[in-house]
Amino acid sequence: MIDILIIGSGPAGCAAAIYAARAGRSAKIIVGGQPGGQLTTTSSIENYPGFPELISGQELMDKMRLQVENMGVSLEQDAIKSVDFSERPFVCLGESGISYESRAVIIATGASAKWLGISGEAQYRGAGVSSCATCDGFFFRNKDVAVVGGGNTAVEEAIYLTRFAKNVTLIHRRDQLRAEKIMQDRLLENSKVSVIWNSGVKGIVGDGTKVTELQLEDLLDHSETSKPIDGVFIAIGHKPATEIFKSKLDLNDEGYVLIKTNSTETSVAGVFAAGDVCDPIYRQAITSAGQGCMAALDANQFLA
């Protein structure tokens, strides 16, 4: 029996563990299938306060993990496969077969970008392939970049990238965008933006170290062309890691955990959420860490 069980080991989970320990609560992190979370796939970070030099996502998470361990919090190399929030203590069953009982739970399982699953995509991830313009846009100053998608996220990413890139090409599978009208107008009125309609990306080509071009297919006549490019941003959405919480907690239509206003409490008293698992908007390491702190403070108040 522990006070606070933290599911997830990214910035939100680590920050929650640090604040739980500082409050004198016994806490344990269930690391999950990707230790350190999605941030570990980011090659260069320059917007996390306290690190004036570039640092990789893996390095940043290694430092967070060390800080968590120095606070006396254990990290369990396990993944939760089912939860029982019907009564307290809460019971979370790990893939190892171990049942973890706790008086409170903080969910920090994160969300992952949806990828195209095409050739070159995984190879050049972090070397010209990205899913976050806010995170990586700065590295493409005066470069030619492409954004794949047609919804609000894709349009917002494309508009944001015009602040840095020389040219931005939006590639969409249909002949009209799904984004809100006001966002479409802003995009199409921007002189830096061009749109390739009715087209899909068949492959991403590089020189072994960075992206150099995209292989495109016209979905109407199935002709294929190539487009020289310095970077490509995949903006077809994110998927929160909430499968095991369906029917256990209130989720929105996209699967994100719903939390109460000015709180991190979920629809079940004593269960809290932090980071990308409940944040479809900001999706930044620093906002996740901040919300992890909030969840630990809320959990401590609940236990008090």
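All residue numbers refer to positions in the sequence shown, counting from 1.
Side-chain contact, D276 with S288: a donor N or O sits under 3.5 Å from an acceptor N or O.
Going from atom CG of L214 over to atom NZ of K202 covers 13.5 Å, rounded to the nearest 0.5 Å. Between the CZ atom in F139 and the CG atom in D230 there is a gap of 15.0 Å [rounded to 0.5 Å]. One distance of note links CG of L219 with CG of D175; it measures 11.0 Å at 0.5 Å rounding. The line from OG1 of T153 to CD1 of I234 is 13.0 Å long, rounded to the nearest 0.5 Å. We find the CD-CZ distance between Q176 and R174 to be 9.0 Å, quoted to the nearest 0.5 Å. Rounding to the nearest 0.5 Å gives a distance of 8.0 Å between CG of L216 and OG of S226.
Q291 places a side-chain N or O within donor-acceptor distance of the main-chain N or O of G275, the cut-off being under 3.5 Å. With hydrogens and angles disregarded, a donor-acceptor distance shorter than 3.5 Å links the side chain of Q284 to the backbone of Y282. Judged by distance alone, the side chain of Q184 and the main-chain N or O of A179 form a donor-acceptor pair under 3.5 Å. Not a single donor-acceptor pair under 3.5 Å links the side chain of D136 to the backbone N or O of S130. Side-chain N or O atoms of T212 include one that pairs as donor or acceptor with a backbone N or O of V205 at under 3.5 Å. For the pair D78 (side chain) and S96 (backbone), a donor-acceptor distance under 3.5 Å is present. A donor-acceptor pair under 3.5 Å links the side-chain atoms of T242 to the main chain of G255, judged by distance alone. At least one donor-acceptor pair closer than 3.5 Å links the side chain of K192 to the backbone N or O of T162. Remark: side-chain polar atoms of Q67 are not paired, donor with acceptor, to backbone N or O of K63 under 3.5 angstrom. Under the 3.5 Å distance criterion, the side-chain polar atoms of S56 are matched with a main-chain donor or acceptor of E59.
The closest side-chain heavy-atom distance from M183 to E156 is below 4.5 Å. Counting heavy atoms from C-beta outward, F140 and F233 have side chains that approach closer than 4.5 Å. By the 4.5 Å heavy-atom criterion applied to side chains, L251 and L258 are not counted as neighbours. At a threshold of 4.5 Å between non-hydrogen side-chain atoms, the residues T40 and D62 do not count as touching. Here the side chains of I80 and Y100 are in contact, with some heavy-atom distance below 4.5 Å. Contact annotation: the side chain of L5 never approaches that of I106 to less than 4.5 Å [non-hydrogen atoms, C-beta and beyond]. With a 4.5 Å cut-off on side-chain heavy atoms, T169 and K227 count as touching. V201 has its side chain out of reach of V232: every pair of non-hydrogen atoms, C-beta onward, lies at least 4.5 Å apart.
In the hydrophobic clustering of ILVMFWY residues, with side-chain heavy atoms under 4.5 Å counting as a link, I4 and V68 come out together. One hydrophobic cluster, built from ILVMFWY side chains closer than 4.5 Å, holds both V277 and I30. Linking ILVMFWY residues whenever their side-chain heavy atoms come closer than 4.5 Å, directly or via other members, places M64 and I45 in the same cluster. In the hydrophobic cluster analysis, where Ile, Leu, Val, Met, Phe, Trp and Tyr join through side-chain heavy atoms closer than 4.5 angstrom, V195 is grouped together with V145. Linking ILVMFWY residues whenever their side-chain heavy atoms come closer than 4.5 Å, directly or via other members, leaves V155 and I236 in distinct clusters.
The minimum heavy-atom distance linking I6 with A27 is given by the pair CD1-CB, 4.5 Å. What you find for P35 and G33 is that their closest heavy atoms are CD-O, 3.6 Å. Between P11 and G36 the shortest heavy-atom distance is CD-O, 4.4 Å. Shown here for I7 and C92, the closest heavy-atom pair between the two residues is CD1-SG, 4.2 Å. Closest approach of I29 and G13 over heavy atoms only: CD1-O, 3.8 Å. Considering every non-hydrogen atom in both A154 and V147, the closest pair reads O-CG1, 3.6 Å.
The only member of L177, L188, I196 that meets side chain to side chain contact (heavy atoms under 4.5 Å, CB included) when paired with L170 is L177.
Using a cutoff of 4.0 Å between basic side-chain nitrogens and carboxylate oxygens, D185 and K181 are scored as salt-bridged. The existence of a salt bridge linking E76 and K28 is confirmed by a sub-4.0 Å separation between a basic side-chain nitrogen and an acidic carboxylate oxygen. Look at E243 and K246 and you find a salt bridge, because one of the NZ, NE, NH1 or NH2 atoms lies within 4.0 Å of a carboxylate O, short of that distance.
C293 meets the disulfide (SG to SG under 2.5 Å) test with no other residue; sequence neighbours excluded. With sequence neighbours left out, the disulfide (SG to SG under 2.5 Å) criterion links C135 to C132. For E87, the side chain to side chain donor-acceptor pair (under 3.5 Å) test picks out no residue, with sequence neighbours left out.
Residues F85 and F90 place their aromatic rings such that the two centres sit under 6.0 Å apart.
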Taking it one step at a time, do I2 and E101 satisfy side chain to side chain contact (heavy atoms under 4.5 Å, CB included)?
-> CA-CA 7 Å; I2 57 174; E101 294 188 1; over 6 Å; no

Determine, stepwise, if the pair I204 / I118 fulfils side chain to side chain contact (heavy atoms under 4.5 Å, CB included).
-> CA-CA 7 Å; I204 299 171; I118 57 176; 3.8 Å; yes

Pair I244-K248, side chain to side chain contact (heavy atoms under 4.5 Å, CB included): steps then yes or no | CA-CA 8 Å; I244 62 173; K248 309 291 184 179; over 6 Å; no

Assess whether side chain to side chain contact (heavy atoms under 4.5 Å, CB included) is satisfied between K114 and H238, documenting all intermediate values.
-> CA-CA 5 Å; K114 295 178 181 177; H238 287 74; 5.8 Å; no

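Listed by first then second residue, pairs satisfying side-chain hydrogen bond (donor to acceptor under 3.5 Å, both in side chains) with a partner in residues 137-146 read D144-N167, not counting sequence neighbours. Sequence neighbours left out, the pairs with a member in residues 3-22 that pass side-chain hydrogen bond (donor to acceptor under 3.5 Å, both in side chains) are D3-S26, D3-R103. Among pairs with a residue in residues 249-267, those fulfilling side-chain hydrogen bond (donor to acceptor under 3.5 Å, both in side chains) read T264-D298, at least two apart in sequence or across chains.
Summarising the local packing, CD1 of I182 is surrounded by 12 or fewer heavy atoms from other residues, nucleotides or ligands at distances under 6.0 Å. Within 6.0 Å of CD in Q77 there are more than 12 heavy atoms belonging to other residues, nucleotides or ligands.
In this structure, R173 forms no cation-pi arrangement with W197, as its terminal cationic atom is not both closer than 6.0 Å to the ring centre and no more than 45° off the ring axis.
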